[in-house]
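Since this is a predicted model, take the numbers as computed values, not measurements. Remember, it's 1-based here, ligands and their atoms both numbered in the order they're listed. Just the heavy atoms: all of them, side chains too, but no hydrogens, waters or symmetry mates, feed the values below.
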Amino acid sequence: MAFNRRIKIKQLIEEGKLGEQVTLMGWVRTKRSNKHISFIALNDGSTIKNYQIVADPSLINEDVLRKISTGACIKAKGTVVASQGAGQSAELAAASITVLGEADPEKFPLQPKKHSMEFLRENAHLRMRTNTFAAIFRVRHALAFAVHKYFNDKGFFYIHTPIITASDAEGAGETFKVTTLDLKNPPLTLDGKIDFKQDFFERETNLTVSGQLEGELAALALSDIYTFGPTFRAENSNTTRHLAEFWMIEPEMAFYDAEDNQDLAEDFLKYVISYALDHCQDDLAFLDQRAAEEEQQKKADQRSELGLIDRLKMVVENQFVRLTYTEAIDILKNSNPNKKKKFSFLIEGWGSDLQSEHERYLVEKHFKKPVILSDYPKEIKSFYMRQNDDGKTVAAMDILFPGIGEIVGGSQREERLDKLTERMDEMGIPKEEMWWYLETRRFGTTPHAGFGLGFERMVQFVTGMGNIRDVIAFPRTPGNAEF
Ligand code: 4AD
Ligand code: MG
């Protein structure tokens, strides 16, 4: 006989089913008992809402009742009845309860009280059993689904680009090596270097930092594509916005210029956020409340002016501000924190790279709206970005969000072979290894553009979580690869 003849709590609440016989399975959040009756709050993860089970000791064995404690997993059969208590309209009058898995109250780490985020990170194997983390991962799912829906509805094709590559797409050199060589005793070449010819792929390989370059190859055949996969960066940045392993969405479109690219990115971000507002109402209401409580802990001048849901609506309902890097530098140079030397990195003038403090000043203090910054100095951007006619800037764009800073990075690509190879030479990018990339410019090249959205930064924005480690199930950061 099949085991799983049960109804999920989400469906039961939606359908009511008063008077019907149902079976629930889930994890006990709390149990309150007196001599006459026990109330069990059950959660099965299908919704943030618990379902109340009423157990009468004359029907349910005393031994079974004793084993029901916070964290235990149970199966309860009974009849749905109107609830006498406040907080729910119906509840399950249990006819039988089976304990599927006990959770020793002396040892189970998650007790019904507020735990610190740090404690929950150390217990990431159990933290999805809390309201906060279950809500985050339901919202994360909805956002991922919305990404696929958006692109599918627009006729984009999902391309799976490789995770192991021999190139370092951003030219940044912060990669994780992939090898099967014996690290204690690697084979050496005559001049004493490691002989990667003897390695698995007969060359040096690493985990990908981006699917873009392969994505471009696909766009120059299928017109509109996107990737959505894990990317890896070995930068040693222990911040609340960096992971060593994160998920990136990278659309790439043939026949798009920089402005088309900005239009698509803005429309896409608004769509995905609206999708969450429409489909995750219970979870967002909970997270909104949670964020409001967190804000209360902060000093008055550091509190954000808008609540979580209002912040999401603000992004969906307003046009993003678009300005060039050059215009942004003017604003920053004359800003109060720059004049009063409050920035850790002062803006001296044109050419400075923007730090997250500058990005957040523009978004949170100056414009109070998402900002698309474009046309950065070529020296601070990647080799593949299209060179503007001024000879100094490239057709790059970064999208900056309140509370997050950079959420998207993208550009129109350099489609002209001569300009591209010139820039590769200037930046020391080996052309021989990138022969396949250059062939797209040799055969049937065309203007094209694309961008990358850091998925966890989007989940952070929508859930209001301050630390990126709390929006991916098992974060990978410097010194941390547990679970
Ligand atoms: O700006 P980035 O480096 O751009 C690219 O990788 C391009 N190849 C994208 C493209 O044009 N197809 O990264 C894109 C986004 C950033 O804006 C940020 O949101 C996110 O990826 N990101 C990270 N997220 C979490 N942890 C990290 N270490 C991240 N590095 C970048
Ligand atoms: Mg970037």
Side-chain angles (χ1 to χ4, degrees), residues 140 143 147 151 156 159 161 165 167-176 207-219 224-253 256 258 261-262 264-265 268-269 272 325 353-356 358-360 363 370-374 376 380-386 394-401 403-414 437 448-462 465 467-472 475-478 480:
R140 184 179 165 116
L143 291 170
V147 166
F151 287 122
F156 281 58
I159 298 290
T161 50
T165 81
S167 73
D168 166 8
E170 304 301 308
E174 291 151 340
T175 58
F176 292 99
L207 295 178
T208 187
V209 296
S210 155
Q212 178 195 322
L213 300 188
E214 291 90 351
E216 283 186 56
L217 311 181
D224 295 331
I225 66 93
Y226 69 105
T227 71
F228 188 170
T231 46
F232 307 86
R233 299 199 184 171
E235 45 198 350
N236 200 357
S237 34
N238 248 314
T239 78
T240 55
R241 278 164 295 100
H242 287 89
L243 291 165
E245 176 179 293
F246 65 100
W247 288 68
M248 186 152 50
I249 296 130
E250 295 184 275
E252 191 72 33
M253 298 74 65
Y256 267 54
N261 201 30
Q262 297 187 1
L264 182 81
F268 166 61
L269 295 174
V272 169
Y325 165 91
D353 204 351
L354 300 185
Q355 307 294 328
S356 94
H358 309 127
E359 297 172 344
R360 294 182 65 168
V363 181
V371 171
I372 308 184
L373 273 188
S374 64
Y376 284 72
I380 59 175
K381 289 291 181 185
S382 302
F383 73 93
Y384 52 69
M385 296 190 177
R386 194 174 197 278
V394 287
M397 69 153 172
D398 275 6
I399 303 186
L400 315 179
F401 261 32
I404 302 287
E406 182 194 332
I407 195 162
V408 160
S411 68
Q412 187 174 340
R413 317 307 187 190
E414 184 55 83
Y437 186 70
H448 62 289
F451 60 86
L453 167 68
F455 186 54
E456 283 76 17
R457 292 195 187 171
M458 173 54 99
V459 182
Q460 252 191 300
F461 181 71
V462 173
M465 299 307 291
N467 194 322
I468 199 165
R469 294 159 204 226
D470 298 329
V471 299
I472 187 163
R476 300 290 177 253
T477 51
N480 179 23

When you look for heavy atoms under 4.0 Å from ligand 1, do you find them on the side chain of Val408, its backbone, both, or neither? backbone

Examine the proximity of ligand 1 to Glu456 and report which part, side chain or backbone, both or neither, has a heavy atom under 4.0 Å away. neither

Answer with side chain, backbone, both or neither: which part of Arg413 has a heavy atom less than 4.0 angstrom from an atom of ligand 1? side chain

Could you tell me whether ligand 1 has any atom less than 4.0 Å away from a heavy atom of Met458? no

If we count only N and O atoms by modelled type, under 3.5 Å, do the side chains of Gln212 and Glu216 hold a donor and an acceptor together? yes

Check: of Val209, Leu243, Ile399, Thr239, min heavy-atom distance to atom 26 (N) of ligand 1 comes from Leu243

Give the contacting part of Glu406 toward ligand 1: side chain, backbone, both or neither, where contact means a heavy-atom distance below 4.0 Å. both

Quick look: Phe232 vs ligand 1, heavy-atom contacts under 4.0 Å, and the answer is neither

So which N/O/S atom does Glu406 have closest to the Mg ion (ligand 2)? OE2

Flag Glu235 as yes when one of its N or O atoms lies below 3.5 Å from any N or O atom of ligand 1, and as no otherwise. yes

Please work out, at 4.0 Å between heavy atoms, whether the side chain, the backbone, both, or neither of Phe451 comes within that distance of ligand 1. backbone

To which of Arg233, Glu252, Arg476 does the heavy atom nearest atom 6 (O) of ligand 1 belong? Arg233

